[in-house]
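Only one structure is covered here, and it is reproduced in the block below.
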Amino acid sequence: MENPANVRVIAAIRAIPAGQVAGYGEVARRAGLPGRARMVARLLATNDDPCLPWHRVVRADGRIAFAPGSASYLEQCARLRSEGVKVEAGRVRGLRPAPTVDQQLWGDHG
DNA sequence: ACCTTGACAGCGA
DNA sequence: TTCGCTGCCAAGG
């Protein structure tokens with residue numbers, strides 16, 4: 001992690017509370033990088049920190065980014081379930097296909 | 001420097 | 001909801 005952008009992204013991901021999930025684009029804009037969803041994905045792909053809650057990052061529609069059946073897919077799915085996140089057909093409950101999603105993903109308290 | 005690939009997102013059909 | 005197209009940025013060949 002050399003550039004501050006990556007640091008911001010990492011921070012944003014680490015800011016996702018357990019039991020909650022966030023989309024790549026959501027994380028990106030939380031990191032101050034609107035439109036950099038793919039950067040988040042690439043960053044996770046090159047991520048080496050095991051402490052990073054990467055499993056809390058899903059696609060905008062709430063589906064797992066990995067191919068159904070793949071090791072990573074099962075891994076993420078298992079981790080999410082372990083946190084109480086409802087996952088059905090590779091899709092996460094609590095996330096809606098509708099936009100204007102903000103604090104809905106980051107806690108309804110504030 | 002050019003083209004392709006990738007853990008994506010948004011919009012229209 | 002699913003499929004296709006476009007926009008986006010960085011790394012690899």
Side-chain angles (χ1 to χ4, degrees):
Chain A
M1 227 46 37
E2 310 88 48
N3 56 313
N6 286 9
V7 178
R8 298 286 298 175
V9 175
I10 296 299
I13 295 175
R14 294 183 84 73
I16 306 174
Q20 294 269 341
V21 297
Y24 291 83
E26 203 62 33
V27 171
R29 61 180 47 184
R30 286 289 171 181
L33 301 169
R36 302 284 187 274
R38 305 200 66 165
M39 181 181 177
V40 176
R42 205 189 60 74
L43 185 57
L44 282 177
T46 63
N47 154 23
D48 49 346
D49 185 356
C51 293
L52 190 68
W54 57 271
H55 55 278
R56 293 175 195 157
V57 185
V58 298
R59 266 161 55 163
D61 52 9
R63 283 181 295 185
I64 304 297
F66 294 105
S70 63
S72 300
Y73 169 90
L74 296 175
E75 177 72 12
Q76 183 169 17
C77 192
R79 289 197 180 207
L80 289 175
R81 286 179 182 276
S82 293
E83 295 186 350
V85 178
K86 197 71 174 66
V87 182
E88 290 184 15
R91 203 175 302 183
V92 175
R93 292 287 202 176
L95 202 63
R96 294 177 182 70
T100 65
V101 187
D102 283 306
Q103 48 196 191
Q104 184 174 347
L105 298 173
W106 301 77
D108 36 39
H109 53 71

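Below, read A as the first sequence line, B as the second, and so on, with proteins coming before strands; counting in each chain starts at 1.
Put simply, the residue from A/Glu75, A/Gln76, A/Glu83 that forms a side chain to side chain donor-acceptor pair (under 3.5 Å) with A/Arg79 is A/Glu75.
Between the side chain of A/Arg56 and the main chain of A/Ile13, no donor-acceptor pair closer than 3.5 Å is present.
Rounded to whole Å, the distance from CG on A/Asp61 to C1' on B/dA7 is 13 Å. Going from atom CD of A/Gln76 over to atom C1' of B/dC8 covers 13 Å, rounded to whole Å. When rounded to the nearest whole Å, the span between CG of A/Asn47 and C1' of B/dG6 equals 16 Å. With rounding to whole Å, A/Tyr73 atom OH is found 17 Å from B/dA7 atom P. In this structure, the CE atom of A/Met39 is 15 Å from the C1' atom of B/dA7, given to the nearest Å. Rounded to a whole Å, the CZ atom of A/Arg8 is 20 Å from the C1' atom of C/dA10. Atoms CG (A/Asn3) and C1' (C/dA11) sit 13 Å apart, rounded to a whole Å. Atom CD of A/Glu26 is separated from atom P of B/dG10 by 8 Å (rounded to the nearest Å).
Taking the side chain as every heavy atom from C-beta outward, A/Tyr24 and A/Arg59 approach each other to under 4.5 Å.
A distance of 6.5 Å separates CZ in A/Arg91 from CG in A/Asp61, rounded to the nearest 0.5 Å. A distance of 11.0 Å separates CG of A/Asp49 from CG of A/Leu44, quoted to the nearest 0.5 Å.
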Give every pair of a protein N or O atom and an N or O atom of nucleotides 6-8 of chain C that lie under 3.5 Å apart, one pair per line with the distance.
| residue | atom | partner | partner atom | Å |
| --- | --- | --- | --- | --- |
| C/dC8 | O3' | A/Arg36 | NH1 | 3.2 |

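For A/Arg59, no side-chain nitrogen or oxygen approaches OP1 or OP2 of B/dG10 to under 4.0 Å.
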- Any chance you could lay out the side chain to side chain contact (heavy atoms under 4.5 Å, CB included) test for A/Ile16 and A/Val27, step after step, and finish with the verdict? CA-CA 9 Å; A/Ile16 306 174; A/Val27 171; 4.1 Å; yes
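Residue A/Tyr24 places no side-chain atom within donor-acceptor reach of the base of B/dA9, judged by atom type and a 3.5 Å distance cut-off alone.
If you take atom C1' in C/dG7 and the same atom in B/dG6, they sit 15 Å apart, rounded to whole Å.
Each of A/Arg42 and A/Arg91 was matched to the nucleotide of DNA chain C holding its nearest heavy atom; the match closer to the 5' end belongs to A/Arg91.
A search for side chain to side chain contact (heavy atoms under 4.5 Å, CB included) contacts involving A/Ala5 returns A/Asn3, A/Leu33, A/Met39, not counting sequence neighbours.
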